[in-house]
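Structure record follows, encoded as structure tokens.
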Amino acid sequence: MSIAIFGKKASCRYATDAFRRRDGFTTFGAACAILVSCALAFCCVWVARSQSRAAGVQAVADAAALAAENEVAEFVIAVRAADATLLSMSLTGLSLLGVGTACCCAPPTAAAGKALMEAGRNILVKRDDVAHAAEKTLSAAQDSLPAIAQVQAQAVIQENGSTLGGHTVGYIELVPEKGEPISVGDCAASQEAADAAQDRSDEITTAAQEAQAAREDAQEALERGFFHDCGNVSGYCMYERADTVAGMPSKSNPLFHSVNTWSFDVALKRAQAYYPHRAAHEAPENESVEECARSALRKNFYEFASEEVAKGRAIDDGSSVPDIVFPLLPSNTSEMKETTLYTDKAYPVAGGCLHAWDGCPAAQGGIEGRGSLADQDAGSYGVCAVCSFDAVALGKVAAASSSIENGFEYHYRKVADAADDYVAAMQRALPAESAAKEAAQGVFARIGDALSELKSCRIEAYPPGRFGSLAAIAFDAQDEGSVPFVPGARDVGSFAAVSSAVLAEDSEENVLSSLLDGAAEDIGPPLSDAAPAVLSLWGVLIETYSSGTEGLADGVRDLFDSMPLVGSSGLGSWASESFLDLLESAGLEPANTEAPKPFVANTEHVAARGEGPVASAIVALKGS
């Protein structure tokens with residue numbers, strides 16, 4: 001036997017010589033190596049194509065499961081959007097009722113308050129219409145969800161299966177296969193709150209206006225009293241007179257620089273310290289009989305004033321009608337005759353005459369007793385020719401400092417008159433404030449009931465596929481003939497795959513991003529009067545759902561801050577704080593506005609909760 005090796009002819013002595021020679025490879029050996037390499041290459045290609053086709057079939061199964069579950073995700077998004085929309089409309093409407101009520105408590109914002117109430121009522125009416133439409137639409141969508149999911153999944157199977165080069169069939173199963181009925185509760189309490197707010201708005205506004213006017217009168221009286229007590233430091237006032245004329249120490253004669261820290265009690269205590277101080281330090285300016293008589297009468301007047309002013313009181317706690325009494329001192333002879341200065345037997349009698357004081361020169365012959373000015377006017381005693389003491393002389397003591405601006409008694413009487421006006425104003429203000437608060441609290445109570453009712457007026461859906469979806473795929477490849485160098489092997493063959501998908505939350509996407517588009521037009525004309533405030537509040541409520549009640553209160557607080565609720569009655573501030581306290585205590589659960597998305601999951605966990613043929617087959621296979 002001879003074989004040609006690289007062009008040479010050689011004989012083979014041994015069988016292996018056909019494959020190996022010392023001087024090189026044989027032609028036969030090289031040919032066999034090439035044939036084996038080709039067979040291995042085609043076999044690897046066949047295996048790779050088979051595995052690639054199997055992976056493609058699995059990818060189709062995954063895509064089909066995701067497509068089916070994506071329909072469930074879109075339905076859940078629709079439900080969450082509807083729930084958040086209805087909740088936001090309810091909260092916005094109720095919040096506007098509360099804000100409007102608070103605005104009615106402040107006369108400058110009363111008109112705006114009524115507009116906000118009307119907008120709130122209109123939003124609540126629209127909310128009921130949206131709720132009924134949402135219930136009907138979502139129920140129909142849930143009923144058709146299995147069919148829609150099947151259609152979408154089959155479209156994905158056909159589109160992707162055709163690229164594999166064979167025939168693909170699949171079956172989709174939602175777990176569970178049926179959903180629970182959808183219902184939206186009727187928020188009757190919200191409409192009752194709207195009715196209460198509008199019915200009592202005029203009552204609240206009228207009472208608030210009366211309280212405001214009375215409080216302004218009270219404030220004017222308070223400022224007037226402050227001015228005459230110690231506010232007019234550069235001119236005449238009780239403080240200045242006590243300091244300049246009597247030289248009272250600052251401890252007994254305090255100076256207040258603001259009416260906000262001053263009260264009528266300050267003026268009363270100043271007077272109660274002033275008269276004992278004057279009585280204790282009273283002395284004649286010279287030794288003349290006239291001056292000594294006047295000094296004695298001044299001392300009598302100061303002692304009398306000390307006793308009278310001590311009977312005064314100034315109690316003002318701000319929550320009840322003030323109890324303020326400034327005893328009035330006589331400012332002339334006729335008023336003096338109405339006091340004990342006229343009737344008390346306090347003056348010495350000597351020589352048949354009434355004297356101003358015991359030291360009168362005409363009384364040195366011996367004091368016969370004590371008499372009163374009333375007795376003198378009755379003819380019991382005569383008028384002393386030396387001291388000339390009679391009722392007119394004593395009346396001039398009070399008149400001298402009561403009728404002119406540089407007298408302490410002048411400003412004391414001004415403060416006393418201001419105190420009377422202050423008390424009268426507060427007697428009008430407090431009942432009006434009480435009436436306004438009672439009416440507003442009635443409205444707030446109805447709003448509180450409506451907020452509690454909202455917990456049962458939410459949209460919750462338990463649709464088909466809420467636990468996931470299952471997909472089963474069968475693929476039969478086209479017959480492309482035998483594979484070269486791999487006898488008996490076809491091109492790919494047939495494959496089967498199962499897959500499942502479940503929903504997971506996507507915190508980066510919000511289902512309410514465009515909720516307010518066209519809201520003003522949908523709600524209607526009543527919103528136009530307060531559109532900026534209403535839409536601002538609605539927008540804040542939507543953006544702050546993640547923070548729950550705290551976000552709601554913050555949104556309402558921002559709206560309050562943009563309104564002039566200030567007033568001397570303080571009703572606007574009281575109402576706003578009361579309503580914010582109500583919102584913070586409501587304890588509302590925020591709406592879930594995260595968008596769910598489908599993800600491929602382990603089929604075992606989904607199949608365990610299903611009852612369909614695919615789920616049963618998977619459970620059986622997993623369990624075997």
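Both backbone and side-chain heavy atoms feed into the values below; hydrogens, waters and symmetry mates do not.
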Original post:
Of the non-hydrogen atoms in Val99 and Phe579, which two are nearest, and what is the gap between them?
Top reply: N-CE2, 4.1 Å

**OP:** Might you confirm whether atom CD of Glu438 has over 12 heavy atoms from other residues, nucleotides or ligands at distances under 6.0 Å?
**Re:** no

Subject >> Side-chain (Ser190) to main-chain (Ala450) donor-acceptor, under 3.5 angstrom >> reply: no

Original post:
Any side-chain heavy atom of Pro598 sitting closer than 4.5 Å to one from Val72?
Top reply: no

Original post:
Going by heavy atoms in the side chains, are Lys114 and Thr205 under 4.5 Å from each other?
Top reply: yes

**OP:** Give the intermediate values and the outcome of side chain to side chain contact (heavy atoms under 4.5 Å, CB included) for residues Val498 and Leu470.
**Re:** CA-CA 7 Å; Val498 294; Leu470 294 171; over 6 Å; no

Original post:
SG/Cys105 to CD/Glu433 distance, rounded to the nearest 0.5 angstrom?
Top reply: 10.5 Å

Subject >> Gln142 side chain to Glu180 backbone, donor-acceptor under 3.5 Å >> reply: yes

**OP:** Can you see which heavy atom on Ala67 is nearest to which on Val156, and at what distance?
**Re:** CB-CG2, 3.6 Å

Original post:
Rounded to the nearest 0.5 Å, what separation is found between the CG atom of Asp129 and the CG atom of Leu124?
Top reply: 11.5 Å

Original post:
Can you tell me how far the CH2 atom of Trp574 sits from the CD atom of Gln441, to the nearest 0.5 Å?
Top reply: 4.0 Å

**OP:** Tell me, with the steps shown, if Arg121 and Asp195 meet side chain to side chain contact (heavy atoms under 4.5 Å, CB included).
**Re:** CA-CA 8 Å; Arg121 168 189 279 277; Asp195 293 339; 2.4 Å; yes

Original post:
Can you tell me how far the OG atom of Ser499 sits from the CD1 atom of Ile172, to the nearest 0.5 Å?
Top reply: 9.0 Å

Original post:
With a 3.5 Å cut-off and no angle check, do the side chains of Gln198 and Glu118 form a donor-acceptor pair?
Top reply: yes

**OP:** Looking only at non-hydrogen atoms, find the nearest pair between Gly179 and Arg466 and report the distance.
**Re:** CA-NH1, 4.2 Å

Subject >> Smallest separation among heavy atoms of Ala432 and Glu210, with atom names >> reply: CB-CB, 4.0 Å

Subject >> 4.5 Å side-chain heavy-atom contact, Leu580 and Glu577 >> reply: yes

Original post:
Just wondering, do Leu451 and Leu91 contact through their side chains at under 4.5 Å, heavy atoms?
Top reply: yes

**OP:** Walk me through it: do Leu97 and Arg446 pass the test side chain to side chain contact (heavy atoms under 4.5 Å, CB included)?
**Re:** CA-CA 10 Å; Leu97 295 180; Arg446 292 297 184 90; over 6 Å; no

Original post:
Are any of the side-chain heavy atoms of Glu135 and Ile459 separated by less than 4.5 Å?
Top reply: no

Original post:
Counting only N and O atoms by type, is there a donor-acceptor contact under 3.5 Å from the side chain of Thr137 to the main-chain atoms of Ala133?
Top reply: yes

Original post:
CD1 of Ile148 to CG of Asn70: how many Å apart, nearest 0.5 Å?
Top reply: 12.0 Å

Subject >> Polar side-chain atom of Ser576 near backbone of Ser573 as donor-acceptor pair, under 3.5 Å >> reply: yes

**OP:** Determine the minimum heavy-atom distance between Phe75 and Leu138, stating which atoms define it.
**Re:** CE1-O, 3.4 Å

Subject >> Taking every non-hydrogen atom, the tightest pair across Pro463 and Leu145 >> reply: CB-CD2, 4.0 Å

Subject >> From CG (Asp128) to CE (Met89), nearest 0.5 Å >> reply: 9.0 Å

**OP:** With the side chain counted from C-beta on, respond yes when Glu71 and Ser469 share a heavy-atom pair under 4.5 Å apart, and no when they do not.
**Re:** no

Subject >> Derivation and outcome, side chain to side chain contact (heavy atoms under 4.5 Å, CB included), residues Val125 and Gln191 >> reply: CA-CA 8 Å; Val125 171; Gln191 290 303 322; 3.9 Å; yes

